[in-house]
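Presented below is the structure to which this report refers.
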Amino acid sequence: MGVRTALSAVALYGLGAISGARAWETTCTTFTLGNSTGVSVIGATEYQAGDLVNVTNVFSSIETSTLPAFCRIELLITTNSTSNKTANTEVWLPDAWNGRFLGFGNGGFGGGVNVADLGFAAVSQGFAGMSTDTGHSSTVIDGTWGGPHNDDAIIDWNWRALHLSVGVAKQVIQQYYGKPALKAYYLGCSTGGRQGLKSAQDFPEDFDGIVIGSPANWMSHLEAWSIHIDLNVLPVGSPQWIPPELWTGVIHDEVLRQCDALDGLADGVISNPLACNFRPETLACRAGQNTSTCLNLSQIQALHQIYSDYYETNQTYIFGPYYPGGEIGYTFGLLGFPVLPIAQDYFQYFILNDTTWDPTTLNYSLVQFADELSPANANAIETNITAFVEPERNGKIIHYVGWADQLISPGNSLHYYETVHAFMQSNTEYNIDDYYRLFTVPGMQHWYGGYGANAFGGAGQAAAATPPLSSDPVHNVVSAIVSWVEEGVAPDYFIAAYYQNNQQSQGIGFTRPICKYPANVVYRGGNVNDSSSFACV
Ligand SMILES: *[C@@H]1O[C@H](CO)[C@@H](O)[C@H](O)[C@H]1NC(C)=O
Ligand SMILES: *[C@@H]1O[C@H](CO)[C@@H](O)[C@H](O)[C@H]1NC(C)=O
Ligand SMILES: *[C@@H]1O[C@H](CO)[C@@H](O)[C@H](O)[C@H]1NC(C)=O
Ligand SMILES: *[C@@H]1O[C@H](CO)[C@@H](O)[C@H](O)[C@H]1NC(C)=O
Ligand SMILES: *[C@@H]1O[C@H](CO)[C@@H](O)[C@H](O)[C@H]1NC(C)=O
Ligand SMILES: *[C@@H]1O[C@H](CO)[C@@H](O)[C@H](O)[C@H]1NC(C)=O
Ligand SMILES: *[C@@H]1O[C@H](CO)[C@@H](O)[C@H](O)[C@H]1NC(C)=O
Ligand SMILES: *[C@@H]1O[C@H](CO)[C@@H](O)[C@H](O)[C@H]1NC(C)=O
Ligand SMILES: *[C@@H]1O[C@H](CO)[C@@H](O)[C@H](O)[C@H]1NC(C)=O
Ligand SMILES: *[C@@H]1O[C@H](CO)[C@@H](O)[C@H](O)[C@H]1NC(C)=O
Ligand SMILES: *[C@@H]1O[C@H](CO)[C@@H](O)[C@H](O)[C@H]1NC(C)=O
């Protein structure tokens, strides 16, 4: 297996790669786009290998001198000619091109070109990369641009800017290199995951292979769930309020005591939170016990809600739960701030057009209203993905999620995968394993980070100083999608690294397999820092 994948990686990255000299005539700084109604080139910058690349916007930034030579093309794309709505999009074109196109997604409500992944995931691996600002400029937690009634902006954020940018990027690649990209790939997490699923569902021709992490693809339910989760403990100082130090010092420790060793090894990483029925009542305060080391009944009740099987109202499934193990990463409401701003903005600016709406009044009718409205059809929950995966199209999806995701319940990833599985099994003759695989990452938070092995080439990971161990498909999810699409070799597992303190410069702490759902990691014996001591069962 090791030898085979190593050879496969060589074949993969040898193919089409032009090392050293450029094999085409186009020059970067004078690049123009023919036949380009509604598209203008607004910048073209040539970087030599090792040049400082220092680009910042409100969503993403990169400051490095480690990239190979490339050409940065900045474009302004008209997305609605009637309203003169535009999006800023960039295409980064490496000299040592591997012949492929890799598009990237965004995060939260962020509006800004994903320059970090363009550098650390596209150019550094030989792909021609593309990312768009989705038509607006904002930080990830700011959704105020969505309204009231800014439908054009919501449409661009939802699908239009990305879809149009894919077409333009393919044209730029064709003109710059003098030949089209061999295949088109996509990498994105969170909102980027939603964008990837949207492409597979609605624009099946855009990409051949899609890699998505923890997708925010069910906006109407996700945002309601975020608020619901936070309201379990809010307001600060209420009987049910749980101070941050209880989460990290007391609750997380008890979670580990109950759940950690179930995989055969007490190492601080829970391999399968589904296997653990966490019982918070063991933390109930006894008479005279110091309350900073135990929980009162209101707090225990809140924990039951947060870890309950799922958030439901009158037997109606709304969203997945948090699973035991993510406590140290919890943010916003759970750790002392107001409800997640993204969630509040979603209802105020996208759904209700009422900036005075009070999140503590969240009710299920509002979820139903949001479901019906689904502004600009931002929910990407279609379970019929036949058009993307049928043999004539042959699209592939690799989906991963951290079991310790602190922002989107990992249950959402399981739910989407299972609903696609159920639909496709009943309505088509295709076997889901042939086109869509889900991988669960123990101890990983949203996008990256956490305390499990979390570096395997996913979105934002290399940019966060946790690059994959190699370009081998077993270590690198982008190589894996290429291998699956082009060679028909589907990934069964990955091997990820945990770098000390999640910093590559501090060395590798340990390596672990990442298993294909529903399998999970178990310890077989041997060096606990070496992935070969573990198996997927
Ligand atoms: C120019 O672009 C239009 C619209 O994208 C397309 O239909 C047409 O085929 C293109 N023409 C050429 C010569 O590329
Ligand atoms: C990158 O740009 C920022 C401001 O745009 C500047 O403060 C910083 O010093 C630059 N970095 C380097 C290494 O020059
Ligand atoms: C484009 O903008 C016009 C004018 O604001 C608007 O009426 C129309 O609905 C928009 N079209 C789309 C497809 O967004
Ligand atoms: C869009 O831009 C064109 C050309 O600049 C202009 O004629 C038109 O009035 C603008 N339309 C809107 C809705 O701003
Ligand atoms: C908010 O505005 C959108 C259009 O911008 C509309 O579809 C929606 O129904 C409005 N919400 C309410 C509660 O009126
Ligand atoms: C529960 O404990 C918290 C402190 O951990 C306290 O603020 C709250 O008042 C207590 N609630 C009850 C009902 O005792
Ligand atoms: C309770 O425990 C905390 C943390 O261990 C300590 O700071 C505090 O002084 C203790 N309170 C009492 C009343 O012992
Ligand atoms: C639910 O919330 C919406 C929006 O705030 C409100 O208009 C509606 O009256 C509420 N419904 C119920 C049953 O409380
Ligand atoms: C849940 O069911 C109860 C009893 O039928 C009903 O009174 C209540 O309105 C329902 N709540 C929602 C949110 O549908
Ligand atoms: C699923 O999608 C395919 C391709 O778009 C379509 O032909 C088929 O009718 C759909 N199946 C169902 C059950 O809706
Ligand atoms: C595993 O790694 C940790 C942290 O680097 C180290 O302390 C420990 O000795 C290692 N264990 C083995 C068996 O190598």
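Each ligand, and each atom within it, is numbered from 1 in the order the structure gives.
Side-chain contact, N502 with N454: a donor N or O sits under 3.5 Å from an acceptor N or O. A donor-acceptor contact under 3.5 angstrom links the side chains of E254 and T282, judged on distance only. Between the side chains of R194 and N158, at least one donor N or O sits under 3.5 Å from an acceptor N or O.
Ring geometry, Y317 versus W218: the interplanar angle falls under 30°, so the pair is classed parallel (tilted spans 30 to 60°).
Taking distance alone, with nitrogen or oxygen atoms compared against 3.5 Å, N290 approaches ligand 7 more closely than that limit.
The atoms of ligand 7 that sit less than 4.0 Å from any heavy atom of S292 are 1 (C), 2 (O), 3 (C), 4 (C). Close approach of ligand 11 to Q500 (heavy-atom distance below 4.0 Å) involves ligand atoms 4 (C), 5 (O). Those atoms of ligand 11 that come under 4.0 Å of a heavy atom in N529, given as number and element, are 1 (C), 2 (O), 3 (C), 8 (C), 10 (C), 11 (N), 12 (C), 14 (O).
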Would you tabulate the polar-atom pairs, meaning N/O of ligand 8 against N/O of the protein, with distances under 3.5 Å, reported to 0.1 Å?
residue  : atom   : partner : partner atom : Å
ligand 8 : 2 (O)  : N363    : OD1          : 3.4
ligand 8 : 2 (O)  : N363    : ND2          : 2.4
ligand 8 : 5 (O)  : W357    : NE1          : 3.3
ligand 8 : 11 (N) : N363    : ND2          : 2.9
ligand 8 : 14 (O) : N363    : ND2          : 3.2

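The only member of T79, T134, T132 that meets side chain to side chain donor-acceptor pair (under 3.5 Å) when paired with D156 is T79.
If you look at F109 and F350, their ring centroids are closer than 6.0 Å.
Annotation for E382: atom CD counts as buried by contact number, over 12 foreign heavy atoms lying within 6.0 Å.
We find the NE2-OG1 distance between H252 and T248 to be 9.0 Å, quoted to the nearest 0.5 Å.
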